[in-house]
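What follows is a set of notes on a single structure, which appears directly below.
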Amino acid sequence: MTGIDQSRRGDPMSVRVRFAPSPTGNVHIGNIRAAIFNWLFARHAGGHFLLRIEDTDRERSTPEAVQAVLDALAWLDLNFDEPPLYQSTQKHIHLQAAETLVEKGLAYKEDKGGKGQGECILFRMPGTDMAFHDEIKGDLRKEAKDLKDFVIVRSDGSPVFHLGNVVDDITQGITHIIRGDDHVENTFRHVALFQALGATVPHYAHLPMIVNAQGKPYSKRDGAAYIGDFREKGFHPGALFNYLSLLGWSPGEDREKMTRAEAVEWFTLDRVKSGPAQMDLKKLTHLNQQYLTEMAPDAFFDIVAPILKRTSWGGKADPAYIRQVSALMQSRAQTFSAAETWKYFFVEFPDYDDNAVSMHLKKAAIPPLLSALRSTVAANDFNAAELHRAVRGVEASGGLAEGKLNQPLRVALTGTTIGAGIFETMLLLGRDRSLARLDLALNRFCAG
RNA sequence: GCGCCCAUCGUCUAUCGGUCAGGACACUAGGUUUUCAUCCUAGUAAGCCGGGUUCGACUCCCGGUGGGCGCGCCA
């Protein structure tokens, strides 16, 4: 008896996979990609996706760090099927397994010296060449001489990663281990442990790593390598999920943008690539814009409203007004953070861009026309049809081609050359603010 | 240093011996749009190198080069 409850391994046909992060405060993009692939695999197979928190590092494993993992999974909607297993609660089972191995002669105690800490427990490798089949990398083998005994319990009595990891996989009845390929070499040890513990060896699949724009492994200084960063930068979880699923995997037939259901339906391990993949923020952003455009206006508003609330100028705006601005600007937002550029809708007077001003308001012909337009607008009803008629009328009287007054008007009203349709924008700004801004622009930029 | 893995446009990829080597992002040039964004059209751009096997290799084999990972009482 190993002391490990193997009852959950019941149906050998039922797939059980797990995401087993160690909570360190931030969830790395590579880790979450592993979670996505595990989730996809489980859902495709109609199996179970489990979560295990490897919280044996008491220093870093704070409740906040655990919450960060849970938040990341929730944000990406990676739902798991059973309560998470906290590795720290399994310590006695790990140790019992180690004792069993010692009793069977499959592990032994030894004082390796060092800092004089006493005896630790080492696992005895079989002494033969080993091989296992990787669903992604194919058949992998290692010669006996490269497989050395290793510590499974430290001299201070704490279980080492390899032991805890394997024992917990047995406890959770894991059938397929899908993880980053930095674990490939460990797998020989793990296979030996599964066998020594009398458990069925699970199937393995090692995922290629995600590297940075320089083709190097992501490090702290690369930034934006944590999923919280992407959330803060205004990415849609669906877009990130879609994009990440395409890093190292492809459904073929030129399919890229896909729904979750499609990804689940098409996902198979044999279509996972084996070489490292680079993140491309540009492509992610492009996908993101598509996701934002397709969102229901209310859903878009729900996310954008809190972002505006946090700005110095959008804090106390009327929700109904925000909803209108949101609806107008949604289709041109690449990320949710684009809302931070909507300032001119929420203040009395906009910040004027110097280039825009000199380009569109400094020409001699413009001031008199804007002035005339100001009078016409003030004298008529403030609606789209009238505004349109007013602008066209002034253009005609000034000998300008149709549409040539639009940009000067836009700059006078918003301070910038880019934005949604100028008439729609004006209607949102309202009659008073529009007239006031025209006056200000006329006085400040067109006088003298 | 030793071991293992990988190698198609700048990037993500399709291709499972015979294709004008396809798609997407990015880029360039047009078009639509009052600006921007969107959208449409077109274009530039790839099989790391060297040997084999084969009637025929991006595809199979060997070598080289380059890159990644591993070699802890870390996880």
Side-chain angles (χ1 to χ4, degrees), chain A residues 20-22 24 54-57 60-61 87 110-115 117-122 134 136-138 140-143 145-148 150-162 164-165 180-189 206 208-211 213 215-217 243-244 246-257 270-271 273-287 289-290 292-293 329-334 338 341 356 359-360 388 391-392 395 401-411 414 416-423 425:
Chain A
S22 60
T24 59
E54 301 209 331
D55 58 347
T56 52
D57 183 339
R60 294 184 294 177
S61 299
Q87 188 162 64
E110 181 180 305
D111 185 344
K112 294 187 70 182
K115 297 290 181 188
Q117 301 167 61
E119 291 189 320
C120 56
I121 300 178
L122 286 93
D134 189 283
I136 294 170
K137 295 177 182 295
L140 269 18
R141 57 189 68 255
K142 199 98 174 169
E143 291 180 46
K145 67 176 173 59
D146 295 318
L147 266 9
K148 290 185 290 203
F150 58 98
V151 175
I152 53 176
V153 178
R154 300 186 187 85
S155 49
D156 69 357
S158 61
V160 168
F161 163 72
H162 304 293
N165 192 259
D181 70 12
D182 49 333
H183 281 296
V184 177
E185 308 288 332
N186 288 332
T187 305
F188 295 97
R189 297 170 167 181
H206 288 93
M209 308 301 278
I210 295 177
V211 296
K216 297 292 181 186
Y243 179 74
L244 252 22
L246 256 15
L247 243 35
W249 173 72
S250 159
E253 296 178 24
D254 299 333
R255 295 176 287 205
E256 292 203 328
K257 186 167 182 295
D270 63 338
R271 291 196 67 90
K273 287 236 312 177
S274 187
Q278 271 181 230
M279 283 281 295
D280 180 0
L281 268 310
K282 293 265 189 58
K283 186 157 181 168
L284 204 210
T285 302
H286 176 83
L287 238 198
Q289 174 159 27
Q290 293 185 45
L292 297 200
T293 300
M329 302 302 283
Q330 177 176 354
S331 67
R332 10 178 82 69
Q334 289 194 308
T341 68
M359 182 86 80
H360 295 284
H388 196 269
V391 171
R392 294 293 170 261
E395 281 169 348
E402 204 172 277
K404 291 299 182 187
L405 199 54
N406 284 7
Q407 282 303 77
L409 176 59
R410 176 189 300 284
V411 173
T414 70
T416 174
T417 57
I418 62 179
I422 188 58
F423 300 116
T425 300

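In what follows, chains carry the letters A, B, and so on, assigned in the order in which the sequence lines appear, proteins first and then strands, with residues in each chain numbered from 1.
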What is the distance, to the nearest angstrom, from the CZ atom on A:Phe150 to the P atom on B:rG70? 17 Å

Hey, which of these two, A:Glu253 or A:Val151, hits RNA chain B nearer its 5' end, going by closest nucleotide? A:Glu253

Using nucleotides 9-11 of chain B, report all nitrogen or oxygen pairs with the protein that are shorter than 3.5 Å.
none

What is the base-pairing partner of B:rA37, counting Watson-Crick and G-U wobble geometry with both distances under 3.5 Å? none

Heavy atoms only, 4.0 Å cut-off, all strands: where does A:His206 land among base, sugar-phosphate and nothing? nothing

Under 4.0 Å between a side-chain N/O of A:Arg189 and OP1 or OP2 of B:rA75, yes or no? no

Find the distance A:His388:NE2 to B:rU35:P and express it as a whole number of Å. 12 Å

Consider the side chain of A:Thr417, meaning its heavy atoms from C-beta on, and name the nucleotide among B:rU35, B:rG3, B:rA75 that approaches it most closely. B:rU35

Within the 4.0 Å heavy-atom criterion, would you say A:Asn186 contacts the bases, only the backbone, or no part of the nucleic acid? base

Does any N or O donor sit under 3.5 Å from an N or O acceptor when you compare the side chain of A:Asp182 with the base of B:rG70? no

What is the distance, rounded to the nearest whole Å, between atom CZ of A:Phe161 and atom P of B:rA75? 8 Å

Within this structure, what is the CD1-to-P distance between A:Ile152 and B:rC74, rounded to whole angstrom? 14 Å

Select base, sugar-phosphate, or nothing to describe what A:Glu143 touches, counting heavy atoms under 4.0 Å on all strands. nothing

What's the CG-C1' distance between A:Leu287 and B:rA37, to the nearest Å? 17 Å

Give one of base, sugar-phosphate or nothing for A:Ser155, where a contact means two heavy atoms less than 4.0 Å apart. base

As a quick check of understanding, evaluate side chain to side chain donor-acceptor pair (under 3.5 Å) for A:Thr414 and A:Arg410, giving each step before the final call. CA-CA 6 Å; A:Thr414 70; A:Arg410 176 189 300 284; 5.3 Å; no

B:rC2 -> Watson-Crick or G-U wobble partner, both distances under 3.5 Å, gives B:rG70

Look through every strand shown and name the nucleotide pairing with B:rU15 as Watson-Crick or G-U wobble, where both distances are under 3.5 Å. none

By nearest nucleotide on RNA chain B, pick out whichever of A:Asp146 and A:Val153 is the more 5' one. A:Asp146

So which nucleotide from B:rC5, B:rC73, B:rU13 ends up closest to the side chain of A:Lys137? B:rC5

Can you tell me, in whole Å, how much space there is between the C1' of B:rU54 and that of B:rC2? 37 Å

When the P atoms of B:rG43 and B:rG22 are considered, how many whole Å apart are they? 11 Å

Can you check the A:Arg141 CZ to B:rG70 C1' distance for me, whole Å? 18 Å

Return the polar atom pairs (N/O with N/O) between nucleotides 31-34 of chain B and the protein under 3.5 Å, or none.
residue, atom, partner, partner atom, Å
B:rU34, O4', A:Asn406, ND2, 3.2
B:rU34, N1, A:Asn406, ND2, 2.8
B:rU34, O2, A:Asn406, ND2, 2.0

To the closest 0.5 Å, what do you measure between CG (A:Asp181) and CG (A:Asn186)? 11.5 Å

If you check every side-chain atom of A:Glu256, which of B:rA24, B:rC5, B:rU35 has the closest atom? B:rA24

With A:Glu185 as reference, evaluate A:Arg141, A:Lys137, A:Lys142 under the salt bridge (Lys or Arg N to Asp or Glu O under 4.0 Å) test and give the passing residue. A:Lys142

Taking a pair as Watson-Crick or G-U wobble with both distances under 3.5 Å, which nucleotide is matched to B:rA42? B:rU28

Specify the separation, in whole Å, of atom CD of A:Glu185 and atom C1' of B:rA75. 16 Å

Spacing between A:Lys257 atom NZ and B:rG23 atom C1', to the nearest angstrom: 16 Å

Which nucleotide sits closest to the side chain of A:Arg271: B:rU15, B:rC5, B:rU8? B:rU15

Given the P atoms of B:rU53 and B:rC20, what is the spacing between them in whole Å? 26 Å

Strand partner of B:rA57, provided both Watson-Crick or wobble distances fall under 3.5 Å: none

